[in-house]
Every structure is written in structure tokens, then in C-alpha cells.
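Computed from a predicted structure; not experimentally measured. Sequence positions, counted from 1, serve as the residue numbers for this chain.
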Amino acid sequence: MDVIPHQGIDQVVLGRSRAEISETLGVPERTALDHHDDGAVSEIWTYRMLRLELSFDSDNDYRLSHITSYHPYTLVRGFNPIGLTSKLLMMKFPHLDLDVEVSKDEKYYTDRVLDLTFGIARGKVVSVTVFPQYDDS
């Protein structure tokens with residue numbers, strides 16, 4: 001699984017429609033709706049065999065808004081962060097900020113340059129989420 005910052009993972013490209021993703025990956029094993037406080041809705045598609053979670057957000061006309069990979073061979077610029085401790089992750093990606101601390105065992109660090117979020121559980125990286133590049137507008 002090759003992460004391309006601001007673009008996607010492998011052939012799964014941000015901004016694509018649900019129909020385009022279905023053509024590429026097939027029907028997801030599971031779908032769910034996530035209702036946000038601001039009224040927006042995310043339709044989450046899960047591909048268990050690929051260990052991917054795709055989010056299609058209502059505020060983006062249900063286009064692919066972000067992708068999370070839980071795959072053990074996820075590569076970011078040729079480097080696999082899955083399984084690293086948070087200390088080693090910060091050494092490899094110096095632009096990280098602690099974004100969300102759900103609990104002592106669950107944290108999310110975001111690289112604002114690459115627009116990637118790394119999920120940490122029980123002290124190790126378990127996921128990488130790819131976001132599009134945002135501008136001031």
C-alpha cells in the first residue's frame with residue numbers, strides 16, 4: 001500500500017465518486033454512516049481484506065474525502081510507519097503534532113505538511129490516514 005500524500009493510496013484517489021471507487025475496488029464489505037455535530041454526514045466504506053477505510057463526506061458532495069490504511073505494509077514515501085513507537089515516528093516525521101488524545105492508549109498525530117494522520121494504539125502506529133491538501137479557502 002503506497003501512500004501518496006494529498007492524493008490517495010495506490011489506485012484509490014481522493015475526490016473520486018462512490019461509483020468510481022466501486023469500479024476500482026468493488027463493493028465494500030461494510031458501510032456505516034457517521035453523523036457529525038455540524039450536521040455533516042460521512043459514509044464510511046470498509047474493505048477488510050485490503051484493511052482500508054474510505055470516507056465519503058456530505059460536505060464534499062460524497063466524494064472520497066479521506067482514506068485510512070490499517071495494512072501492515074503501508075508505505076509513506078517508501079517507509080513503513082506501522083508498528084513504530086510514537087518516539088520513532090516523531091524522529092521520522094518531524095512535522096508531527098499531537099492532534100487528538102482519546103485516551104492514554106489511543107492518540108492521533110498529524111503531519112500538517114503531508115496532511116497525514118497517524119493513529120497510535122497501545123504505543124504503536126496502527127493506521128495512516130490520507131487527507132487532500134487544503135488551502136486557506
Side-chain angles (χ1 to χ4, degrees):
M1 296 272 155
D2 285 320
V3 171
I4 304 152
H6 306 121
Q7 292 182 16
I9 297 177
D10 289 341
Q11 76 276 19
V12 182
V13 178
L14 296 168
R16 295 274 168 92
S17 69
R18 293 175 286 189
E20 290 170 314
I21 296 299
S22 288
E23 248 181 63
T24 302
L25 297 179
V27 177
E29 283 88 4
R30 189 176 71 147
T31 63
L33 292 178
D34 187 9
H35 297 273
H36 305 281
D37 293 337
D38 64 0
V41 177
S42 295
E43 186 173 323
I44 311 296
W45 288 13
T46 302
Y47 291 90
R48 288 185 185 142
M49 294 299 291
L50 295 173
R51 298 185 188 177
L52 288 176
E53 200 172 80
L54 284 60
S55 180
F56 301 88
D57 297 345
S58 63
D59 52 2
N60 292 325
D61 297 322
Y62 288 102
R63 296 235 169 228
L64 183 56
S65 301
H66 62 273
I67 308 163
T68 301
S69 175
Y70 298 91
H71 199 281
Y73 299 113
T74 300
L75 299 177
V76 177
R77 295 185 164 177
F79 179 79
N80 184 354
I82 302 296
L84 288 181
T85 63
S86 54
K87 182 178 179 179
L88 289 175
L89 180 70
M90 291 212 208
M91 289 172 60
K92 183 66 180 171
F93 298 94
H95 301 289
L96 288 178
D97 294 316
L98 180 61
D99 198 24
V100 177
E101 187 167 0
V102 177
S103 69
K104 183 180 133 194
D105 290 333
E106 184 180 356
K107 300 175 185 177
Y108 295 89
Y109 289 89
T110 298
D111 186 316
R112 305 268 181 230
V113 173
L114 298 175
D115 291 312
L116 298 175
T117 296
F118 298 88
I120 309 275
R122 295 171 303 286
K124 305 268 183 186
V125 176
V126 296
S127 67
V128 178
T129 302
V130 183
F131 293 92
Q133 187 167 19
Y134 294 104
D135 58 23
D136 292 337
S137 64

*Taking the side chain as every heavy atom from C-beta outward, state whether Val128 and Thr68 have any pair of such atoms under 4.5 Å apart.*
no
*Taking every non-hydrogen atom, the tightest pair across Lys124 and Gly83*: CD-O, 3.0 Å
*Connected via hydrophobic side-chain network under 4.5 Å: Leu75 and Leu14*: no
*Where do Asp99 and Arg112 land on the salt bridge (charged side-chain N to carboxylate O under 4.0 Å, His left out) test, with the steps shown first?*
CA-CA 10 Å; Asp99 198 24; Arg112 305 268 181 230; 3.1 Å; yes
*asked:* Please report the interatomic distance CG(Asp2) to CD(Gln7), rounded to the nearest 0.5 Å.
replied: 12.0 Å
*With a 4.5 Å heavy-atom cut-off, do Ile120 and Leu89 have their side chains touching?*
yes
_Least distance between heavy atoms, Ile9 atom then Ser69 atom_ = CD1-CB, 3.7 Å
*asked:* Less than 3.5 Å apart, any donor N or O on the side chain of Thr117 or Thr110 sitting next to an acceptor on the other?
replied: yes
*Would you call Phe79 and Lys92 a side-chain contact if the rule is heavy atoms closer than 4.5 Å?*
yes
*Would you please test Asp10 and Met1 for side chain to side chain contact (heavy atoms under 4.5 Å, CB included) and show each step?*
CA-CA 6 Å; Asp10 289 341; Met1 296 272 155; 3.9 Å; yes
*Distance-minimising heavy-atom pair for Phe56 and Leu64*: CD2-N, 3.5 Å
*asked:* Are the side chains of Ser22 and Trp45 in contact, using a 4.5 Å heavy-atom criterion?
replied: yes
*Can you tell me how far the OG atom of Ser58 sits from the NE2 atom of His35, to the nearest 0.5 Å?*
9.5 Å
*Look at the side chain of Arg51 and the backbone N and O of His71, then say whether any donor-acceptor pair between them is shorter than 3.5 Å.*
no
*Between the side chain of Asp111 and the main-chain N/O of Leu116, is any donor-acceptor distance below 3.5 Å?*
no
*asked:* If we ignore hydrogens and angles and just use 3.5 Å, is the side chain of Asn80 paired with the main-chain N or O of Ile82 as donor and acceptor?
replied: yes
*Shared hydrophobic cluster, Ile67 / Val100 (ILVMFWY, side-chain heavy atoms < 4.5 Å)*: no
*asked:* Among residues at least two apart in sequence or on other chains, which ones pass ring-ring contact (aromatic ring centres under 6.0 Å, His included) with Phe93?
replied: Phe118
*Identify, with sequence neighbours excluded, every residue that meets side-chain hydrogen bond (donor to acceptor under 3.5 Å, both in side chains) alongside Ser127.*
none
*State which residue, out of Thr85, Leu84, Leu96, fulfils the side-chain contact (heavy atoms from CB on, under 4.5 Å) condition with Met90.*
Leu96
*Between Arg18 and Tyr62, is NZ or CZ placed under 6.0 angstrom from the six-membered ring centre and within 45° of the ring axis?*
yes
*Taking atom types as modelled, is there a side-chain donor on His6 or Asp115 under 3.5 Å from an acceptor on the other?*
yes
*Is it true that Met49 and Ile44 fall in one hydrophobic cluster, defined by side-chain heavy atoms closer than 4.5 Å?*
no
*Is the CD atom of Gln11 crowded by more than 12 outside heavy atoms at less than 6.0 Å?*
yes
*Minimal non-hydrogen separation, Val130 against Gly8, with atom names*: CG1-N, 4.0 Å
_Is it true that, when you exclude Asp38 itself, more than 12 heavy atoms of the residues, nucleotides or ligands shown sit nearer than 6.0 Å to its CG?_
yes
*Are side-chain heavy atoms of Tyr47 and Leu54 found at a separation under 4.5 Å?*
yes
*Is Leu98 close to Lys107 at the side-chain level, that is, under 4.5 Å between some pair of heavy atoms?*
yes
*Are Met91 and Val76 joined in one hydrophobic group, where the rule is that I, L, V, M, F, W and Y side chains link up if heavy atoms are under 4.5 Å apart?*
yes
*Looking at CD1 of Ile4 and CZ of Arg77, how far apart are the two atoms once the value is rounded to the nearest 0.5 Å?*
11.5 Å
*Do Thr46 and Leu52 pass the side chain to side chain contact (heavy atoms under 4.5 Å, CB included) test, and can you show the C-alpha distance, the side-chain angles, and the key distance before you say yes or no?*
CA-CA 6 Å; Thr46 302; Leu52 288 176; over 6 Å; no
*Using a distance-only test with no angle check, is there a side-chain donor-acceptor pair under 3.5 angstrom linking Ser17 and Glu20?*
yes
_same_hphob_cluster(Val126, Tyr109) at 4.5 Å side-chain heavy-atom cutoff_ = no
*asked:* Just to verify, which of Asn60, Asp57, Asp34, Asp59 counts as forming a side chain to side chain donor-acceptor pair (under 3.5 Å) with Ser42?
replied: Asp57
*asked:* I need the His66 NE2 to Glu53 CD distance, nearest 0.5 Å.
replied: 7.5 Å
